[in-house]
Structures are given as structure tokens and as C-alpha cells.
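Here is the structure we will look at, set down as C-alpha cells.
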Amino acid sequence: MTLLILAASLILGPSLVPMDYPARLERAVASADADALRDLRGELGRPREIREPAALYTLAYVDWRLAGLLDGKQRKQLALEAQEALERLLEHRPGDAEALALLGSVYGMRITGWLSGMSLGRKAEAALREAADRAPDNPRVALQHGVSAFFSPRAFGGGLDRAETRLRHALDLFAREPGDRPWPDWGHVEAWACLGQVLAPKGDVPGARAAYTRALELEPDHLWVRDVLLPELD
């Protein structure tokens with residue numbers, strides 16, 4: 001599928017998802033609306049029947065976002081489904097950097113303790129590193145690499161300084177990304193929000209506030225930034 005076709009519609013099995021699907025998806029993400037994400041997930045069809053790479057990526061993305069709002073068994077099942085979808089995608093397109101980066105994030109989501117961190121952490125870093133090698137100018141790759149550094153111990157390649165460097169690189173790349181880029185085109189708001197989360201514990205409260213303010217300029221209704229992160233600074 002060419003980018004031009006993908007820009008017009010997402011081919012998901014036998015049906016076409018409307019052109020407004022990515023916009024509706026990002027509104028649901030910004031508002032942390034689990035019910036809307038479930039409905040959007042249902043529009044993709046039965047997970048095991050999806051074959052087209054763009055559809056598999058979209059399913060994994062929706063599962064990943066929805067899992068982030070849930071916990072327990074539901075979170076685990078959605079993360080596993082996202083992993084399976086991305087692994088199926090990569091069987092057809094082994095070098096897909098977008099899929100590799102998202103897979104790294106899904107591996108990270110599945111970490112629940114020291115033992116799982118040892119195995120899944122290595123897998124996450126390997127997937128993110130390969131994605132960065134294959135697509136050094138992809139802002140979503142840089143974003144997810146930065147988020148991984150934020151949550152990883154310094155001994156495992158993480159830390160606030162490394163996270164800040166990667167997130168600022170991601171923001172430079174987002175600034176250069178065309179506004180009409182076809183899906184996937186998510187992440188710009190999250191990059192600013194995550195930068196603020198890195199700056200706040202480093203003591204740069206004005207910098208964190210500026211980062212959150214910029215995120216809200218891009219998406220005024222972003223619930224997490226507006227109602228959680230900004231108030232935490234006061």
C-alpha cells in the first residue's frame with residue numbers, strides 16, 4: 001500500500017475505515033476515553049482476521065493506548081494482542097521502524113517486576129535500537145526511545161539526561177514533519193508532555209510548565225496534561 005492510498009483510507013480486511021478514523025482515535029486518546037477506544041477497536045474487525053500491515057499497526061496502537069488506561073487482566077490481554085499484531089506485521093515487513101518502535105513500547109508495558117524487566121527490557125531496547133538505526137529521522141521512534149529511557153534505570157541505559165536528549169531530538173523531528181503526513185502521525189503532544197515529566201524531577205519547573213503549555217497549545221483537551229501534569233507542578 002502506498003502512502004497516498006493510506007492517506008485516503010485505512011484498508012482493514014474487507015472493509016474501509018473512514019478517513020476521519022485517525023482523528024477520532026487521537027481525540028479518544030487525548031480525552032482518555034476508554035469506551036471510545038473500545039468502539040474504535042471494534043471498527044477494525046476481528047483481531048485474528050486482520051492481515052493488512054496498516055491495519056495490524058492500527059490495532060496494536062489502539063490496544064496499547066487502551067491498555068494504558070486499564071489494569072490487571074485486561075491490560076495484560078491487550079498488551080499481548082498488540083504484541084501479536086506487531087509481530088505478525090513484522091513477518092511481512094521486517095524493517096518497519098514504526099512497528100519496531102511500537103513493539104518496543106509494548107514490551108515495556110508488559111514489564112511488571114525485576115524478572116520480567118530483565119527479559120522484556122532487553123527485547124524493548126533491542127526493538128527500539130533497531131528502529132532508531134533504520135529510521136533515525138522518525139519522530140515517533142525517537143519519542144518512544146526517550147520514553148523508554150525515562151522509565152529505565154541508568155544501569156540499563158536509562159536516566160533523565162538521556163531521556164531529555166532523546167525527547168528534544170524527537171521534538172526537532174516533529175517540527176520538521178509535514179502537517180499532512182498520513183497515518184501514523186501521532187506523538188507530537190506526547191513528546192512535549194514527556195519532556196515536562198523529565199524536566200520537573202530535574203528541578204526545572206519553569207521548563208516543565210512551558211512544555212505542558214506547548215502540549216496544550218497543540219491539544220487543548222488533553223486530559224492527562226491539563227488535569228494531572230500541570231496541577232502537579234503547583
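Every heavy atom of this structure was used, including side-chain atoms; hydrogens, water molecules and symmetry mates were not.
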Discussion item. Assess the residue pair Arg51 and His92 against the criterion (side-chain contact (heavy atoms from CB on, under 4.5 Å)); give the C-alpha distance rounded to whole Å, side-chain angles, the decisive distance to 0.1 Å, and a yes or no.
Written reply: CA-CA 10 Å; Arg51 296 288 181 270; His92 299 286; 5.7 Å; no
Worksheet item: Distance from Tyr107 atom OH to Arg122 atom CZ, nearest 0.5 Å?
Response: 13.0 Å
Item to complete: First locate atom CG of Leu89, then atom CD of Glu98, and finally report the distance between them rounded to the nearest 0.5 Å.
Response: 10.5 Å
Discussion item. Can a donor-acceptor pair be found, under 3.5 Å and without considering hydrogens, that links the side chain of Arg140 to the backbone of Gly187?
Written reply: no
Worksheet item: Which word best sums up how the rings of Tyr61 and Trp183 line up, parallel for under 30°, tilted for 30 to 60°, or perpendicular for over 60°?
Response: perpendicular
Worksheet item: Taking Tyr21 for the side chain and Leu40 for the main chain, is one N or O donor matched with an acceptor at less than 3.5 Å?
Response: yes
Fill in: Trace of the salt bridge (charged side-chain N to carboxylate O under 4.0 Å, His left out) decision for Asp71 with Arg75
CA-CA 5 Å; Asp71 54 21; Arg75 177 185 175 95; over 6 Å; no
Worksheet item: Checking salt bridge (charged side-chain N to carboxylate O under 4.0 Å, His left out) for the pair Glu84/Arg48: CA distance, chi angles, key distance, verdict?
Response: CA-CA 9 Å; Glu84 178 184 324; Arg48 292 190 178 277; 3.0 Å; yes
Discussion item. As a test of understanding, state which of Leu78, Leu69, Asp63 forms a side chain to side chain contact (heavy atoms under 4.5 Å, CB included) with Leu37.
Written reply: Leu69
Fill in: Leu233/Leu230 under side-chain contact (heavy atoms from CB on, under 4.5 Å): CA gap, chis, key distance, verdict
CA-CA 6 Å; Leu233 294 178; Leu230 259 177; 4.2 Å; yes
Worksheet entry | N-O pairing of Arg24 and Asp20 below 4.0 Å | yes
Practice prompt. Tell me whether the centres of the aromatic rings in Trp64 and Trp186 are closer together than 6.0 Å.
Written response: yes
Discussion item. Between Ser148 (side chain only) and Gln144 (backbone N and O only), is there a donor and an acceptor less than 3.5 Å apart?
Written reply: no
Worksheet item: Atom CG in Leu102, atom CE in Met109: separation rounded to 0.5 Å?
Response: 9.5 Å
Practice prompt. For side-chain hydrogen bond (donor to acceptor under 3.5 Å, both in side chains), just list the numbers for Gln77 and Glu81, CA-CA rounded to whole Å, side-chain angles, deciding distance to a tenth of an Å, and then say yes or no.
Written response: CA-CA 6 Å; Gln77 289 177 335; Glu81 183 176 274; over 6 Å; no
Worksheet item: How about Glu190 and His222: do any of their side-chain heavy atoms sit closer than 4.5 Å?
Response: yes
Worksheet entry | Reported SG-to-CD distance for the pair Cys194 and Glu164, which is rounded to 0.5 angstrom | 13.0 Å
Worksheet item: Would Asp221 and Arg27 pass as an ion pair if we require N to O under 4.0 Å?
Response: no
